[in-house]
Amino acid sequence: MKKSRVMWLVMALLLFFGVSTGSFATTATAQAQEGKTYQIGTDVTFAPFEFQDAKQEFVGIDMDILAAIAKDQNFSYEVKPLGFNAALQALQTDQVDGMIAGMSITDERKQTFDFSKSYFEAGVAMAVKQGNADVKSYEDLRGKNVAVKIGTQGYTFAESIKDKYGFSLVPFEDSAQVYDDIKTGNSVAGFDDYPVLAYGIQQGNGLQLAPTEQEAKGSYGFAVNKGKNAELLQKFNAGLANIRSNGEYDKILKEYLGESGNGVPAAKLGRFELIQQSFPYLLKGLLNTVVYTIVSLFFAFILGLIFGFMKVSHNRILRIIATIFVDVFRGIPLLVLAFFIYFGLPGAFGFTMPLFVASVLALSLNAGAYVTEIIRGGIQSIDRGQMEAARSLGLPYRTAMIKIIIPQAVKLMIPSFINQLVITLKDTSIMSVIGLVELTQSGKIVIARTFQSFDIWLVVAIMYLIVITILTKISNHIERKVSNG
Amino acid sequence: MDKIKVTGLKKSFGSNHVLKGIDLEVKEGEVVCVIGPSGSGKSTFLRCINRLEEITAGTVIVDDYNINDKQTDINKVRENIGMVFQHFNLFPHMSVIKNIMLAPTELKKSSPAEARNIALKLLDRVGLADKADALPNQLSGGQKQRVAIARALAMNPDVMLFDEPTSALDPEMVGEVLGVMNSLAKEGMTMMIVTHEMGFAREVADRVIFMDGGYVVEEGTPEEVFGNPQHERTISFLEKVL
């Protein structure tokens with residue numbers, strides 16, 4: 001009987017995941033045409049190649065080229081803004097079919113991926129804070145920090161010269177963070193692809209180009225996993241040739257890199273307008289944060305109930321299983337767990353894992369381990385005499401648990417549950433590393449467009465505070481009701 | 001006829017041998033008081049009778065049911081063995097009357113209305129009819145223990161086990177609990193009582209058992225054990241407590 005119940009739970013879980021994933025995928029969809037819809041991974045913050053405009057649409061050189069080629073070659077695709085590193089891993093593990101993210105074609109990458117013909121040429125340039133005239137050459141970096149974005153050519157180049165010129169690298173996930181680190185003075189300079197830096201400076205990110213040459217000039221290419229999706233690659237190359245010859249390509253480049261900088265509003269918004277403009281987008285992120293928290297906690301609670309009762313059972317095997325569950329999922333950092341579930345498992349076993357499933361799985365396994373301990377602790381803190389009194393009356397173990405132990409234990413558990421609610425809500429932000437657009441990731445995306453980190457992070461922080469305060473108040477109210485009732 | 005029959009009972013907690021071979025028969029309607037120094041195994045012995053402790057060796061038979069036989073439905077047997085604990089173990093989240101009604105209603109012995117009637121009668125019997133809707137933590141120790149007795153009686157058991165029922169009480173409350181137990185004994189209930197109340201044992205018990213070091217050292221009528229103890233360990237124990 002117990003077995004069938006567990007089976008039922010697993011079925012319900014799968015069903016739930018299956019139903020829910022469709023509605024939660026974070027995607028920008030092109031007009032559907034015929035045949036397969038390709039999943040294309042990209043970065044979230046790599047202006048001018050890909051970024052979200054004020055209307056929350058993904059635009060940029062890569063996006064426009066991709067759209068033009070898809071139209072020319074008549075295929076449909078979905079853009080997955082995962083972040084550069086996450087997209088690389090997603091491509092490697094076949095979570096996406098292709099990737100376009102201002103990615104330089106290198107021999108090293110060619111080992112793992114197949115590249116299209118180059119669609120853009122650019123080199124690495126150095127940027128410093130606006131008005132900084134002290135850094136004129138690499139020599140001036142000695143003993144200083146230099147900010148770079150992980151996985152980029154800027155990083156590789158900076159690393160190759162850091163010993164020679166004696167500076168330290170400060171690696172970041174996003175360009176916006178690189179710029180902020182330079183602006184705040186932690187790093188004296190940064191290396192990134194020239195068009196990226198140029199566009200950011202044009203948008204007023206507070207930096208200027210250093211008077212050094214562009215280095216390590218390279219070609220940008222569209223990538224597919226090695227030996228996979230040859231057809232997609234072929235279409236990309238054919239389409240690229242077509243839009244180069246019909247002038248479409250030049251038009252796109254001019255839009256983002258032309259001197260006038262038209263097409264993209266360069267006018268700086270006031271503080272209030274900026275917040276007002278980004279607010280709906282941040283709210284959407286917040287909604288995701290709350291939804292993921294609630295769904296994850298729901299499953300965490302089920303896991304906690306199962307393993308919590310296993311932990312207090314008389315059966316040694318069940319206790320050992322539950323202990324292993326807790327030790328494993330409490331012992332693995334949530335960040336590692338998320339990477340493992342989203343990239344590791346699908347890569348090793350050759351299946352695709354929807355982002356929603358991966359996020360909820362990571363969050364609920366992690367929280368489930370803690371809930372297990374809360375439930376175990378609550379039950380074990382009830383005096384042994386309560387169970388003995390109930391059993392001595394002839395009540396079966398189950399009835400005694402349900403009628404006597406659990407009602408008393410729940411009261412003791414509520415403060416810990418509230419605590420776990422707050423922790424899990426904040427932990428959803430960790431899922432931004434696998435591309436989940438929750439509140440933190442929404443903030444990152446807005447900053448990638450606007451470069452206004454102070455205002456946006458402030459708004460994001462306040463949003464977290466408000467929601468957590470409201471949830472805590474509600475929970476406290478419930479706690480009072482339970483202990484009085 | 002023997003209500004309880006214990007043969008060769010041994011109980012160890014790991015390497016700690018608490019009961020080292022106990023034989024005992026309790027007849028229907030008999031009141032047996034178990035006395036002895038602390039650590040002698042009295043409470044463990046009592047708890048083996050309704051299998052709150054799993055025994056290591058021997059047999060315990062209550063009402064012809066072998067308590068430790070896997071075939072025995074222990075819950076069914078326990079319905080017939082009421083138990084009262086040193087620390088009352090009332091359910092703090094339930095009112096007094098709910099405490100008493102729980103087992104009859106959960107085990108489908110009575111309808112809620114019947115169970116309520118029974119509970120009220122039992123409360124009346126232990127002198128607490130006015131406390132039906134009180135919560136346990138609003139009662140004094142003596143009142144709590146009387147509720148616990150009423151709760152144990154709710155399933156109308158044939159046997160009652162008392163595990164030091166007055167040890168946790170303030171002295172002025174001991175009397176009210178012993179009074180209830182005394183009247184139970186007079187009604188013919190089969191009772192086993194682990195107690196330090198020698199006066200009560202002398203007055204109420206049909207038989208007194210002295211335990212020490214995991215053995216029954218001496219047994220007999222109260223007159224024999226208290227008036228003319230044979231074993232030197234009994235003598236030295238009684239010298240200390242009387």
Side-chain angles (χ1 to χ4, degrees), chain A residues 1-2 305 308-309 312-320 374-418 475-485, chain B residues 43 46-54 67 73-95 98-109 115 135-137 144-145 147-157 159-164 168:
Chain A
M1 194 187 81
K2 265 183 190 157
L305 280 174
F309 279 100
V312 295
S313 89
H314 297 297
N315 186 323
R316 203 163 139 261
I317 310 269
L318 291 182
R319 280 205 309 272
I320 290 172
I374 293 172
I375 289 176
R376 179 200 59 78
I379 289 171
Q380 288 186 343
S381 67
I382 302 302
D383 180 42
R384 226 166 65 118
Q386 291 288 309
M387 179 54 98
E388 289 181 349
R391 296 305 306 274
S392 76
L393 288 166
L395 296 180
Y397 179 81
R398 258 178 73 92
T399 316
M401 263 294 169
I402 293 168
K403 291 284 168 179
I404 304 302
I405 306 300
I406 294 174
Q408 297 183 58
V410 163
K411 276 186 205 175
L412 299 173
M413 293 174 197
I414 286 176
S416 307
F417 283 140
I418 296 171
S475 308
N476 286 339
H477 181 73
I478 295 170
E479 183 185 359
R480 269 198 302 278
K481 281 217 143 173
V482 168
S483 31
N484 292 340
Chain B
S43 287
L46 200 70
R47 291 159 59 84
C48 286
I49 289 170
N50 67 350
R51 215 172 102 183
L52 281 185
E53 302 292 352
E54 296 288 345
I67 293 288
D73 180 358
I74 187 65
N75 294 326
K76 213 72 206 155
V77 181
R78 279 173 178 158
E79 288 180 18
N80 207 27
I81 310 174
M83 186 158 192
V84 175
F85 299 85
Q86 180 180 359
H87 294 290
F88 331 127
N89 298 351
L90 293 181
F91 308 131
H93 59 302
M94 295 178 174
S95 65
K98 288 267 164 62
N99 263 274
I100 302 170
M101 288 165 62
L102 178 75
T105 44
E106 280 303 320
L107 299 170
K108 309 264 182 289
K109 197 167 183 244
L135 283 170
N137 63 14
K144 281 182 190 164
Q145 196 60 299
V147 171
I149 294 172
R151 181 178 67 179
L153 289 170
M155 292 299 286
N156 197 22
V159 177
M160 286 285 284
L161 307 176
F162 292 84
D163 187 5
E164 303 195 25

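Keep in mind the model is a prediction, meaning the values are calculated, not measured. To find a chain, count down the sequence lines: A is the first, B the second, and so on, and within it residues start at 1. Just the heavy atoms: all of them, side chains too, but no hydrogens, waters or symmetry mates, feed the values below.
- For B:R151, the parts lying under 4.5 angstrom from a heavy atom of chain A are both the backbone and the side chain.
- Contacts classified as ring-ring contact (aromatic ring centres under 6.0 Å, His included) and involving residues 379-416 of chain A (residues at least two apart or in different chains) are given here: A:H314-A:Y397.
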| message | Working note: B:H93 + A:I404, criterion side chain to side chain contact (heavy atoms under 4.5 Å, CB included); need CA distance, chi angles, decisive distance, verdict. | response | CA-CA 8 Å; B:H93 59 302; A:I404 304 302; 4.2 Å; yes
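- Heavy-atom pairs under 4.5 Å with chain A peak, among B:N89, B:L161, B:V84, at B:N89.
- Between the side chain of A:Q386 and the backbone N or O of B:L90, at least one donor-acceptor pair lies under 3.5 Å.
- Closest approach of A:T399 to B:E106, counting heavy atoms only: CG2-OE1, 3.4 Å.
- Between chain B and the options A:M387, A:R384, A:E388, the largest number of non-hydrogen pairs under 4.5 Å is found for A:E388.
- Of the atoms belonging to B:A103, heavy atoms from both backbone and side chain fall under 4.5 Å from chain A.
- No side-chain donor-acceptor contact under 3.5 Å links B:N50 to the backbone of A:S392.
- Across all their heavy atoms, B:L107 and A:G394 have their closest contact at CD2-O, 3.7 Å.
- Side-chain contact check for B:N75 versus A:R391: some heavy-atom pair is nearer than 4.5 Å.
- Of the two parts of B:I81, only the backbone, made up of N, CA, C and O, holds a non-hydrogen atom closer than 4.5 Å to a non-hydrogen atom of chain A.
- For B:F85, the part sitting under 4.5 Å from any heavy atom of chain A is the side chain, from C-beta outward, and nothing else.
- Minimum heavy-atom separation, A:A389 to B:F91: CB-CE2, 4.0 Å.
- The heavy-atom pair separating A:K403 from B:M94 by the smallest distance is O-CE, 3.7 Å.
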